[in-house]
Amino acid sequence: MRLLITLMLILFSSIVVAGSVQYEFDDVKQETRFISLSEELRCLVCQNQSLADSNAALAQDLRSEVFKQIKQGKTDEQIIDFLVSRYGDFVLYEPPMNLGTVLLWFSPLILLILIGSYLFGILRQQKKQSQPELNTEQQAKINALLNKVEPD
Amino acid sequence: MLLVGLSKDPSQVPSPLVGKPVPTFQLETLTGTPQDQNIFNQQVSLLNVWATWCQSCRAEHEQLMLLAKQGVRIIGLDYKDERESAEAWLTDLGDPYETVLFDDDGVTAIDWGVYGTPETFIVDQQGIIRYKHIGPISKQDMTEIILPLIEQLSL
């Protein structure tokens, strides 16, 4: 079953990526890289329909560029750098860690710590309230009472 | 954080090219003269990316004409277009451009990080990109952002 799903995914992604242009690869490895790069990179135009005049062919041009660079023997990293240096981190679905995104990456952890320490504080306070401390006078009273109850 | 994100326009993708020198290129002008990135040296310029198939470019054209009238140097980048239709467009609507670079395959536009027309860049005398405007320039953009910045850079 899992194999079938994987196969279906590979099949579908290659159809989606291929679009109207057929790319000829030297080997399967190149093709897999092309597919995974194309999926990793965001289509800048499609993100916003209101840019009605943006040329939807851009995605195709960028795919051709990726294809060209794979054929030239560029590494995935070089290709991603090429696009990021022109279009910014925005072309990546997964934002890289940098000054601008550090809050984005760490906010869940910060929130967890904040909520955790708040809850811990409440718990501690409740514990304190359920076991009020007694001064020596009160303790003596209790001892006296207990002594009374105890049979001689 | 969500509120800040929601208040921003997602179509305004920040350009990593702002603060960087203009990308190198070799292009012909509409009239067939070869040109390269040195066209941006010595003078503050606007680079306006446009095309005749782009409706927003038509809406923006009037502002470009006004900018040119005020002495702003505008270089055009005609993106994935036909020479004949571009020439007809400029004859019909007026020509605000000092030079129009002809990027028929759109490869130079990719180097400029262009993802939709119109887009406009402000380049300073040293050929450094100072500002990028995405979408058509409105009167407000012109008076509040573009003209003050050009004035400031020209000092």
Side-chain angles (χ1 to χ4, degrees), chain A residues 21 37-38 41-69 71-72 74 78-93 95-96 98-112 114-115, chain B residues 1-6 8-25 48-61 77-82 103-121 129 132-137:
Chain A
V21 183
L37 273 171
S38 306
L41 302 165
R42 198 200 293 249
C43 164
L44 290 138
V45 182
C46 321
Q47 61 127 352
N48 190 335
Q49 293 297 321
S50 78
L51 268 178
D53 281 311
S54 55
N55 191 348
L58 177 70
Q60 208 166 303
D61 288 353
L62 289 179
R63 278 202 299 270
S64 304
E65 192 62 44
V66 170
F67 172 72
K68 207 170 76 189
Q69 298 200 10
K71 292 284 257 190
Q72 284 168 358
K74 299 259 172 72
Q78 284 172 319
I79 297 172
I80 288 174
D81 279 352
F82 171 90
L83 289 165
V84 168
S85 67
R86 284 158 181 76
Y87 291 97
D89 294 339
F90 198 83
V91 289
L92 305 172
Y93 272 114
N98 60 33
L99 266 181
T101 59
V102 76
L103 195 63
L104 178 72
W105 276 95
F106 285 108
S107 57
L109 188 68
I110 294 170
L111 263 179
L112 193 73
L114 281 178
I115 293 172
Chain B
M1 192 153 30
L2 178 70
L3 285 178
V4 172
L6 285 177
K8 286 184 177 172
D9 182 351
S11 70
Q12 300 288 327
V13 179
S15 174
L17 291 166
V18 172
K20 303 239 169 75
V22 295
T24 55
F25 61 84
N48 176 247
V49 187
W50 65 286
T52 55
W53 45 260
C54 153
Q55 282 306 310
S56 309
C57 299
R58 191 174 284 269
E60 177 187 64
H61 201 79
L77 182 74
D78 188 18
Y79 175 62
K80 302 191 89 171
D81 211 346
E82 307 282 335
D103 187 20
D104 58 344
D105 56 7
V107 167
T108 299
I110 289 181
D111 285 338
W112 282 77
V114 170
Y115 66 88
T117 48
E119 283 186 17
T120 304
F121 298 81
I129 299 172
K132 178 181 182 181
H133 182 93
I134 295 167
I137 297 170

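Every chain is numbered from 1 and lettered A, B, ... according to where its sequence line falls, protein lines coming before strand lines.
Remark: Glu65(A) CD is packed, more than 12 non-hydrogen atoms of other residues, nucleotides or ligands lying under 6.0 Å away.
The two residues Asp61(A) and Asp105(B) come nearest to each other via the heavy atoms OD2-O, 4.2 Å. The minimum heavy-atom distance linking Gly88(A) with Pro16(B) is given by the pair N-CG, 3.2 Å. Between Arg86(A) and Leu17(B), the shortest heavy-atom distance links the atoms O-CD1, 4.1 Å.
Remark: side-chain polar atoms of Tyr87(A) are not paired, donor with acceptor, to backbone N or O of Trp112(B) under 3.5 angstrom.
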